[in-house]
Colleague: 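Take a look at the following structure, please.
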Amino acid sequence: MPELPEVETIRQSLSERLGSARITRIEQRFPGVFSDLSGGYALPLTVEGLRRRGKYLLIDLCDDRGSPLILILHFRMTGKCLLTDGGAEPAAHTHVSLFAEDRDGAQCRLDYNDVRRFGRIWLFSGRDETVHPTIRALGPEPLSDQFTADSLWQSIRRHPQPSVKAILLNQAEIAGIGNIYADEALFLAGIRPSRRGRSIRKYEAVRLHQAIRDVLLLGIGHRGTSFRDYVDGLGRQGSFQQVLNVYGRSGAPCRVCGTPLQTATVAGRTTRSCPVCQK
DNA sequence: CGATTATCCTGCACGC
DNA sequence: TGCGTGCAGGATAATC
């Protein structure tokens with residue numbers, strides 16, 4: 001379930017080698033995962049850089065005629081990118097393979113693998129990721145200056161009825177938070193996930209804003225959370241799962257007060273919290 | 001119209 | 001051991 005820190009780590013892990021590669025061939029196995037321009041481009045495609053927006057990985061490309069293109073990936077739950085020398089056969093459930101050569105002329109291959117087929121890949125002409133309607137509708141990047149305590153406070157005020165967790169998961173309000181980092185941020189902020197937006201006070205929004213930034217930066221620092229499936233673009237696990245406070249710790253003692261952590265369904269998602277530390 | 005719920009999809013843990 | 005069941009969850013469609 002790659003969220004912002006995982007997608008950022010994937011971006012970093014792929015940047016060095018893929019960031020200057022030339023894609024010579026695209027092989028598509030399972031139809032439906034990848035939607036391209038129906039061949040409206042000329043191979044090879046030169047990679048000009050890798051960016052991220054929310055949970056989306058953006059790969060800037062330039063085709064053989066000099067036309068800019070953008071490849072957009074969303075991993076959803078179990079999507080993975082794996083960059084290898086291409087010696088081994090692609091793993092099971094590999095839906096798309098990009099055959100490429102790196103800066104040194106060495107062959108490499110980027111496999112998109114997704115056992116549950118929830119993830120999607122799009123190829124658009126141009127460089128503007130906002131041609132993708134969902135990306136256009138995304139809220140601020142939580143690690144940018146656009147995301148402030150006041151912008152979070154305004155987001156909460158726009159949604160008095162839904163739970164504060166639902167607001168954090170709403171990509172149109174804040175981009176990139178998923179179930180793991182929502183639970184962790186709410187724990188750090190000392191706020192019960194089921195609290196309705198209308199019950200949140202401004203000082204709590206200020207705390208939550210700081211907690212969101214802290215937990216995302218911590219997640220990136222640990223190179224992501226390898227709780228179940230996640231590995232980066234070179235197949236390496238992250239380590240944030242070792243220091244999670246609540247996610248996946250139902251019934252385990254709270255690291256702060258020792259009370260058993262509780263589980264509930266909030267915003268349609270399994271939600272863990274400390275009944276004592278979170279008010 | 002905003003909020004909530006169902007749907008997609010497969011591997012794995014679990015109980016009997 | 002084998003089999004059935006439920007669960008994981010991001011975005012979107014459907015429904016309330």
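So that the names make sense, note that chain A is the first sequence line, chain B the second, and so on, each numbered from 1. All values below come from the heavy atoms of this structure, side chains included, with hydrogens, waters and symmetry mates left out.
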Colleague: Could you give the distance from CG (A/L123) to CZ (A/F34), rounded to the nearest 0.5 Å?
Modeller: 5.0 Å
Colleague: For DNA chain C, determine which residues of residues 162-180 of chain A have any heavy atom closer than 4.0 angstrom to one of its atoms, and list them numerically.
Modeller: A/Q171, A/N179
Colleague: So, is the end of the A/R223 side chain (NZ or CZ) under 6.0 Å from the ring centre of A/F240 and within 45° of the ring's axis?
Modeller: no
Colleague: Any side-chain N or O of A/T78 below 4.0 angstrom from OP1/OP2 of B/dG11?
Modeller: no
Colleague: Rounded to whole angstrom units, what separation is found between the CZ atom of A/R228 and the P atom of C/dC7?
Modeller: 13 Å
Colleague: Check whether any side-chain nitrogen or oxygen of A/T270 sits under 4.0 Å from OP1 or OP2 of C/dA8, and answer yes or no.
Modeller: yes
Colleague: Please determine if a side-chain N or O atom of A/Y181 lies less than 4.0 Å away from the OP1 or OP2 oxygen of C/dG9.
Modeller: no
Colleague: So what is the end-to-end bend of the helix from B/dG2-C/dC16 to B/dC16-C/dG2, with 5 pairs used at each end and the value given to 10 degrees?
Modeller: 50°
Colleague: Kindly compute the distance separating CD1 (A/I212) from CG (A/L152), expressed to the nearest 0.5 Å.
Modeller: 5.0 Å
Colleague: Can a donor-acceptor pair be found between the side chains of A/D183 and A/Y181 at a distance below 3.5 Å?
Modeller: no
Colleague: Reckon A/H93 has a side-chain N or O less than 4.0 Å from the OP1 or OP2 of B/dT10?
Modeller: no
Colleague: Not counting sequence neighbours, which residues clear ring pair (Phe, Tyr, Trp, His ring centres under 6.0 Å) with A/Y56? List them please.
Modeller: A/H74, A/H132
Colleague: Check each of A/L71, A/T24, A/D111, A/L45 against A/L98 using the side-chain contact (heavy atoms from CB on, under 4.5 Å) test, and report the only one that passes.
Modeller: A/L71
Colleague: Closest approach of A/R116 and A/D229, non-hydrogen atoms and distance?
Modeller: NH2-OD2, 4.2 Å
Colleague: OP1 or OP2 of B/dA3 versus the side-chain N and O atoms of A/H159: is any pair under 4.0 Å?
Modeller: yes
Colleague: Are any non-hydrogen side-chain atoms of A/R17 and A/D85 less than 4.5 angstrom apart?
Modeller: yes
Colleague: Give the rounded distance in Å between these two atoms: CE of A/M1 and C1' of C/dG9.
Modeller: 7 Å
Colleague: A/R117 side chain N/O closer than 4.0 Å to the phosphate oxygens (OP1, OP2) of B/dT10?
Modeller: yes
Colleague: Does a side-chain N or O from A/R196 land closer than 4.0 Å to OP1 or OP2 of B/dT4, or not?
Modeller: yes
Colleague: Base, sugar-phosphate, or nothing: which does A/F30 touch, judged by heavy atoms less than 4.0 Å apart?
Modeller: nothing
